[in-house]
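Report on the structure given below.
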Amino acid sequence: YLSIDKKTKDMTKTLELTPAELEMIALKREQDALAKKEADLKKQAKAEKEIAERKLQMNKTIAACDRQVQVAKDFAAELGKGYEVVITDITDHAKVHGDYINPEDPKGCEYERELLWEERYNRQSARIKYGNYTITVEEQIVYSSSWSSRGTSKGYKMYVSGPGIDWKEERRALGRVSTVKEKIKTAMDKIQAEENHKNAQKNALEKTVDRFKSEYPDAEVTTDRGYERGYGKRYSDGVTYDMVRVKFVNGCSIAYRVYSDGSLSRVSFNLPGAKDEATFMK
């Protein structure tokens, strides 16, 4: 037993640390703690900076929306009677995220990040309505080239959409209310003219059918649609039109194109084995 005790005492003596070594271990622990604290402070400072920047951007967004609403109201007042401002309330979220929830396997958590800060805020957007027409008010930004990321503001402009306005025209920026009103009036006049033409065409077709039925009671009078190809390369470049076909009991037939003013133009005439047209128009 004396030999075992002596060996244990020798091992204990070997494992004993000097005061300098103990101080070095304590210093290393302090350094590790300071390094961790420094890393945490850097992380916190970064988050605080991002939150401050996000709040600043949020306030800028709200201010820009308020400006857009006021400009829309000013435009509507200048446009006059019948032009109504429609305001839409929008709720947005401002968020700042930190590290991945699962840094070892971000994909495993669908790259979800820790939510450090969140704030809901309200903003508004305005547009102008005039019957079936919508006037969108936006700030026009012009870029010097296609690769330029910084644009120049040309102020707030109006963009008109609605019946009778081509989709290409909808993105044309308009700065004058007089131009907006003229554009809407032109579109409405176009629709009215098309409606008038449609009604006139319908009446002309009905009158032509009634006249032929009255003049040729034994003939078969029917309506049809014809097609006149345009000068373009595509088949769709042409136009369709109304026709009246008259088939007589003797076998001959004739087809007329009917115009909206009631005038006619012959499209086809079939007189099998006959030379005298008047003979078969009985």
Side-chain angles (χ1 to χ4, degrees), residues 47-97 113 115-202:
E48 290 173 350
K49 184 178 179 180
E50 290 183 2
I51 291 172
E53 291 175 349
R54 192 66 186 90
K55 285 183 177 181
L56 180 61
Q57 183 60 47
M58 180 180 68
N59 292 331
K60 286 183 178 179
T61 299
I62 294 173
C65 290
D66 291 343
R67 173 63 177 160
Q68 188 270 341
V69 171
Q70 186 57 54
V71 171
K73 290 180 178 179
D74 293 341
F75 275 140
E78 194 174 351
L79 284 164
K81 185 178 179 181
Y83 291 86
E84 176 188 3
V85 177
V86 179
I87 297 177
T88 302
D89 293 314
I90 304 168
T91 299
D92 274 339
H93 288 77
K95 298 180 181 180
V96 172
H97 292 89
R113 292 178 178 269
L115 181 61
L116 302 178
W117 173 83
E118 178 184 16
E119 184 174 330
R120 288 189 178 189
Y121 65 97
N122 298 320
R123 60 185 180 88
Q124 292 184 325
S125 177
R127 65 187 188 279
I128 303 171
K129 295 287 290 183
Y130 183 79
N132 294 325
Y133 295 89
T134 298
I135 303 169
T136 304
V137 179
E138 296 178 1
E139 186 177 11
Q140 185 186 23
I141 307 296
V142 178
Y143 297 90
S144 58
S145 63
S146 58
W147 50 265
S148 177
S149 59
R150 299 185 64 180
T152 302
S153 174
K154 297 296 182 180
Y156 282 89
K157 300 296 174 62
M158 291 171 283
Y159 302 83
V160 185
S161 61
I165 298 178
D166 186 79
W167 65 270
K168 294 180 181 179
E169 290 293 314
E170 292 181 355
R171 292 310 304 164
R172 178 169 293 184
L174 306 176
R176 297 181 178 180
V177 296
S178 58
T179 308
V180 171
K181 297 176 79 169
E182 181 61 28
K183 192 168 189 175
I184 292 177
K185 183 180 183 304
T186 300
M188 294 176 69
D189 289 345
K190 177 184 176 183
I191 293 174
Q192 187 61 52
E194 291 174 350
E195 186 66 24
N196 293 341
H197 176 78
K198 183 178 178 181
N199 292 333
Q201 183 68 35
K202 182 180 179 181

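All figures in this text were calculated on a predicted structure; none of them were measured in a lab. Along the sequence shown, residues are numbered consecutively beginning with 1.
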### Task
Can you see which heavy atom on E170 is nearest to which on G162, and at what distance?
OE2-N, 4.2 Å

### Task
Check whether more than 12 heavy atoms from other residues, nucleotides or ligands sit under 6.0 Å from atom CZ of R176, and answer yes or no.
no

### Query
For A173 and Q140, which heavy atoms make the closest approach, and how far apart are they?
CB-NE2, 3.6 Å

### Message
Please determine whether side chain to side chain contact (heavy atoms under 4.5 Å, CB included) holds for the pair K181 and Y130, giving the CA-CA distance in whole Å, both sets of side-chain angles, and the decisive distance to 0.1 Å.
### Response
CA-CA 10 Å; K181 297 176 79 169; Y130 183 79; over 6 Å; no

### Query
Do the non-hydrogen side-chain atoms of F75 and I135 ever get within less than 4.5 Å of each other?
no

### Summary
Across all chains, not counting sequence neighbours, the salt bridge (charged side-chain N to carboxylate O under 4.0 Å, His left out) partners of R172 are E169

### Task
State, yes or no, whether a side-chain contact exists between I87 and K73 at a heavy-atom distance under 4.5 Å.
yes

#### Entry: Partner of R127 by side-chain contact (heavy atoms from CB on, under 4.5 Å), out of V137, V69, T88, V85
T88

### Message
Before you tell me yes or no, could you show the steps for W117 and E50 under side chain to side chain contact (heavy atoms under 4.5 Å, CB included), namely the whole-Å CA-CA distance, both residues' side-chain angles and the distance that decides it to 0.1 Å?
### Response
CA-CA 10 Å; W117 173 83; E50 290 183 2; over 6 Å; no

#### Entry: Short side-chain to backbone donor-acceptor contact, Q68 and A126, under 3.5 Å
yes

### Query
In chain order, what residues pass the salt bridge (charged side-chain N to carboxylate O under 4.0 Å, His left out) check against D74, with sequence neighbours excluded?
none

### Message
Run the side-chain hydrogen bond (donor to acceptor under 3.5 Å, both in side chains) test on Q192 and N196 for me, step by step, so that the C-alpha distance in whole Å, both residues' side-chain angles and the decisive distance to 0.1 Å come before the verdict.
### Response
CA-CA 6 Å; Q192 187 61 52; N196 293 341; 2.9 Å; yes

### Query
Hey, does K183 have a side-chain heavy atom less than 4.5 Å from the side chain of Y133?
no

### Query
So do R171 and Y159 actually touch side chain to side chain, heavy atoms under 4.5 Å?
yes

### Message
Among residues at least two apart in sequence or on other chains, which ones pass salt bridge (charged side-chain N to carboxylate O under 4.0 Å, His left out) with R123?
### Response
D92

